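Counting starts at 1 for both ligands and their atoms, following the listed order. As the structure is a computational prediction, the values presented were derived from the model and not from experiment. All residue numbers in this chain count up from 1 along the given sequence.
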Amino acid sequence: MKKVGFIFDLDGVIVDTAKYHYLAWRKLANELGFEFTKEQNELFKGVSRKRCLEILLDIGSVEATQEQFDTWMVEKNVDYLAYIEKMDASEILPDVTRVLKFLKSKNIPIALGSASKNARPILEKVDLLPYFDSIVDGNNVTKAKPDPEVFLIAANNLGVEASSCVVFEDAVAGIQAANAASMVSIGIGDAHILSEANHNFNDFTEMSDDFLGSLIKK
Ligand code: BG6
Ligand code: MG
């Protein structure tokens, strides 16, 4: 049997931190004098912090000097971290822990592949850090999703061939990155939005141990 590895995105797959990103970006938008809607926040999924601010400023038609841009990046993250500080294991999305435990029971190596620079503290807050053999996050990559870099580094760290990795993602850019890495892509969320994924589930409660087992045997 071939050695397989599993790679999890963080925001929107393991925890619903999109709501905290939204509140922090909305506060900044309001301070700058414009509204930022939940629908617009969809554009931010899987996108780096810097790119999010560029999009936000476009939405508000705000011109920024480099100094202002850097200040607002920091300000948003400080506000976001205040929400993270209050997180605990109750914020793990349904059945994520069951899937992690199932994979561990089969000795499958597990990595995190996230655009976030806050990945490690979040995993610590929700007590999931021990499940991960490798953490690849926004601090380790030079190219953002849909570039496959984050997942290729994760596969390499796990010592597993890219084509033998399975990726769980909630963002279109993340599914595209997994596909570009020749990995099995599994969309977690709206199947219409994540139509490029190899498999789709609304959430992990829909994913049976039998299905996971079939991915391991490939
Ligand atoms: C991704 C989120 O996981 O991480 C994006 O989907 C976010 O919305 C990006 O912008 C970067 O996160 P952070 O924590 O480094 O600002
Ligand atoms: Mg995500």
- Task: May I ask you to check whether N118 has an N/O atom sitting below 3.5 Å from an N/O atom of ligand 1?
- Result: yes

- Exercise: identify the closest heavy-atom pair between L215 and V166: CD1-CG1, 4.1 Å

- Task: Considering the heavy atoms of K117, write down every atom of ligand 1 situated less than 4.0 Å from one of them.
- Result: 13 (P), 14 (O), 15 (O)

- Can you find a non-hydrogen atom of G138 under 4.0 Å from ligand 1? no

- Message: If I compare all heavy atoms of A171 with all of L194, which pair ends up nearest, and what's the gap?
- Response: C-CD2, 3.7 Å

- Task: Could you tell me the residue and atom name of the protein heavy atom closest to atom 1 (C) of ligand 1, and the distance to it rounded to 0.1 Å?
- Result: D11 OD2, 3.3 Å

- Message: Testing F44, Y83, W72, F34 one by one against W25 for a ring pair (Phe, Tyr, Trp, His ring centres under 6.0 Å), which residue passes?
- Response: F44

- Message: Under a 3.5 Å threshold, yes or no: a donor from one side chain and an acceptor from the other, between N179 and S185?
- Response: yes

- Message: I'd like to check which ligand 1 atoms, numbered from 1 as shown, lie under 4.0 Å from a non-hydrogen atom of R49.
- Response: 10 (O), 11 (C), 13 (P), 15 (O), 16 (O)

- Report the protein N/O/S neighbours of the Mg ion (ligand 2) that fall below 2.8 Å; do not count waters. D9 OD2, D11 O, D170 OD1

- Message: Within ligand 1, which atoms have a heavy atom of K45 less than 4.0 Å away?
- Response: 6 (O)

- List every atom of ligand 1 that sits less than 4.0 Å from any heavy atom of C52, numbering the atoms from 1 in the order shown and giving each element. 10 (O)

- Take R98 and D95 through the salt bridge (charged side-chain N to carboxylate O under 4.0 Å, His left out) test and state the conclusion after the steps. CA-CA 5 Å; R98 172 183 61 85; D95 272 16; 3.0 Å; yes

- Message: Aromatic contact between F36 and Y22, with the criterion being ring centroids under 6.0 Å apart: yes or no?
- Response: yes

- Looking only at protein heavy atoms, which one is nearest to atom 8 (O) of ligand 1, and how far off is it? F44 O, 2.8 Å

- Message: Quick check on contacts: which atoms of ligand 1 are under 4.0 angstrom from a heavy atom of G46?
- Response: 2 (C), 5 (C), 6 (O)

- Message: Determine whether the aromatic ring centres of residues F102 and F204 are separated by less than 6.0 angstrom.
- Response: no

- Task: Write out the residue and atom name of the closest protein heavy atom to atom 12 (O) of ligand 1, then the distance separating them to 0.1 Å.
- Result: S116 CA, 3.4 Å

- Message: If only side-chain N and O atoms count, and only distance matters, is there a donor-acceptor pair under 3.5 Å linking N118 with D137?
- Response: no

- Task: Look at the side chain of T71 and the backbone N and O of E67, then say whether any donor-acceptor pair between them is shorter than 3.5 Å.
- Result: yes

- Message: Please determine whether any non-hydrogen atom of V47 lies less than 4.0 Å from an atom of ligand 1.
- Response: yes

- Anything under 30° is parallel, anything over 60° is perpendicular, the rest tilted; go ahead and classify H21 against Y80. parallel

- Between F69 and K50, what is the shortest heavy-atom contact and its length? CZ-O, 3.6 Å

